[in-house]
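The next block holds one structure in the form of structure tokens; read it before the comments.
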There are 2 protein chains.
Amino acid sequence: MTVGTNLAEVSALIGDPARANILAALMDGRALTASELAYVAGVGASTTSVHLAKLHDANLLTVVKQGRHRYFRLASPLVSRMLEGIMTFAAIGSPPRYQPRTTNDTAMRLARTCYDHLAGWLGVALADALVARGHIVLGDDAGELTASGIDALGKLGLAPAALQHSHKRVFCRPCLDWSERRPHLAGAIGAALATHCFERHWIEHIRDSRAVKITTAGRAGLRSSFGIDLSDRPTL
Amino acid sequence: MTVGTNLAEVSALIGDPARANILAALMDGRALTASELAYVAGVGASTTSVHLAKLHDANLLTVVKQGRHRYFRLASPLVSRMLEGIMTFAAIGSPPRYQPRTTNDTAMRLARTCYDHLAGWLGVALADALVARGHIVLGDDAGELTASGIDALGKLGLAPAALQHSHKRVFCRPCLDWSERRPHLAGAIGAALATHCFERHWIEHIRDSRAVKITTAGRAGLRSSFGIDLSDRPTL
DNA sequence: GGAATGCTTCGCCCGAGAACGAAGCGTTCG
DNA sequence: CGAACGCTTCGTTCTCGGGCGAAGCATTCC
């Protein structure tokens, strides 16, 4: 069976804990060096080298040499999607078993990027707020911006109507959040909202992570614009 | 790393050739018995039993007892999506290496179902035909039915306008075809087209497979309705 | 130039887990 | 009721591949 074979080969590649850690660390699209990846993988440099070679051979990673460093990154958005698909199942479809929380984990669960939009508690809260106010209607597979939504987001300077009719990209769709297990907003509108938050410095990237920090200005802005209350959330 | 661990566990589960064959065989949503799965897995009954138990424990499969048979099926659409994601990468992102073709493989590549819509050569040809005639505009991530498309599909009795404004489901989106490596049509419109073809007996399910057979009536109908020429395609 | 750094290659060890066959248990058929 | 069937459990074997450290090869720093 040629189909099953490829399925098995690729999955087996991801199925090693060290390699899975490497791939998870690269999920946000950054490029990391072999040494950094050895650290996140939790194994020695020599072992990591072998793993990276395999991932590279299978076209999961691309590599660029820079001086005496070798920077690895995910080879394509296809790889990200594949990994996100597996992680989503692992988080949602799998039995809710006890998982120790790390500090970084807490930050990731509060707010992080997912491709170009927001995920984590914040991402879900944002989606909830827009749905609660009748700005967005969300289905299982797609969503729709209502007239009041076009109006409200327009007042924030987002010009959603302009995005709405490009068919290059889905305008509004739910994206299952693996930590909250509920949908957040993806598609053009999700990206626009994330950009908006970054531009106003409501959120900032946390170094070496997909997690984002919610600034003081962000706490105020998210409350006044969307009614999102962060007072009972950890400051980190 | 709690995230990477789950990723690895799930992937390792899929990463065994026997289990991958089992999952691939269940991809179309049918339920198969343990014996049938033992056959597709290519291992003995006892070994299969262990594999099925693992897949079941991890919530990838559900099982229903019926007499002395145990029927297994994929536990949820989430599992299908995950597997489709991996298979897509395996087919597209991986190096184009030599793959021996089996008879069944040929049928699968000609026409098959992908969830509820059509894939394979036929699926891509259908998408191409609609795009070429200006009925559909396809982007990377979404697609749009044009006025001429609404008109043309309406004449076939599809009432696309009715489907278009339910936001429960994406109306039209491209879905990367792993055998053709080009997009076919998914979403509500893809499903409607597939249903249309089945209802008119243009295509029929092939027993024990996701592959579909194109009937003589189908060859005529696909040509007259969409200009799809199957004369140089194998009859099987 | 020499030392330090980053990464890879090699050889070895070792454990996890996939496979099988035999035996056991429950269901159905004649 | 006995036989056949479908599936699981058990015990054993054995292979694959991940792990490490030492050594080797680049590149860069001082």
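Here the structure is a predicted model, which means the values were calculated and not measured. To find a chain, count down the sequence lines: A is the first, B the second, and so on, and within it residues start at 1.
- Taking atom CG on B/L55 and atom C1' on C/dA18, their separation rounds to 14 Å, with Å as the unit.
- In this structure, A/A45 reaches the bases: a heavy-atom distance under 4.0 Å links it to at least one base atom across the strands shown.
- Considering only side-chain N and O atoms, B/H69 lies nowhere under 4.0 angstrom from the phosphate OP1 or OP2 of D/dC5.
- Closest to the side chain of B/H51, from the set C/dG6, C/dT8, C/dA18, is C/dA18.
- No engagement by A/T48 is indicated, since no non-hydrogen atom pair under 4.0 Å with the nucleic acid exists.
- Taking atom CD1 on A/I22 and atom P on D/dG18, their separation rounds to 11 Å, with Å as the unit.
- Side-chain nitrogen and oxygen atoms of A/R19 include at least one within less than 4.0 Å of the OP1 or OP2 phosphate oxygen of D/dG18.
- For the pair B/L32 CG and D/dG6 P, the interatomic distance rounds to 15 Å; values are reported in whole Å.
- The shortest distance between the side-chain N/O atoms of A/T47 and the OP1/OP2 oxygens of D/dC20 is below 4.0 Å.
- The phosphate of D/dG18 has OP1 or OP2 within less than 4.0 Å of a side-chain N or O from A/K54.
- The nearest whole Å value for the distance from the CG atom in B/L13 to the C1' atom in C/dG17 is 12 Å.
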| task | Evaluate side chain to side chain contact (heavy atoms under 4.5 Å, CB included) for B/I214 paired with B/R219, printing each intermediate quantity in order. | result | CA-CA 7 Å; B/I214 303 173; B/R219 289 176 175 253; 4.0 Å; yes
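- When distances run from any side-chain atom of B/R68 to the nucleotides C/dT8, C/dA19, C/dT28, the shortest one goes to C/dT28.
- Atom pair B/I14:CD1 and C/dA18:C1' shows a separation of 18 Å (rounding to whole Å applied).
- Nearest nucleotide to the side chain of B/A34, out of C/dT8, C/dC20, D/dT8: D/dT8.
- Side-chain atoms of B/N6 and B/E9, non-hydrogen and from C-beta on, do get closer than 4.5 Å to each other.
- In this structure, B/R81 and A/T88 have side chains that are not in contact, with every pair of non-hydrogen atoms separated by 4.5 Å or more.
- In this structure, A/R70 reaches the C/dT8 phosphate: one of its side-chain N or O atoms is under 4.0 Å from OP1 or OP2.
- In this structure, of C/dT9, D/dT9, D/dG18, it is D/dG18 that holds the atom nearest to the side chain of A/D16.
- Nucleotide D/dG6 holds its C1' atom 13 Å from the CG atom of B/L52, rounded to whole Å.
- Per the geometry, NZ belonging to A/K65 stands 6 Å off P belonging to D/dT27, to the nearest Å.
- Following rounding to the nearest Å, A/L37 (CG) and C/dG6 (P) show an atom-to-atom distance of 14 Å.
- A heavy-atom distance below 4.5 Å is not found between the side chains of A/L83 and B/F89.
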task: Tell me, with the steps shown, if A/L26 and A/L37 meet side chain to side chain contact (heavy atoms under 4.5 Å, CB included).
output: CA-CA 9 Å; A/L26 293 170; A/L37 291 170; 4.1 Å; yes
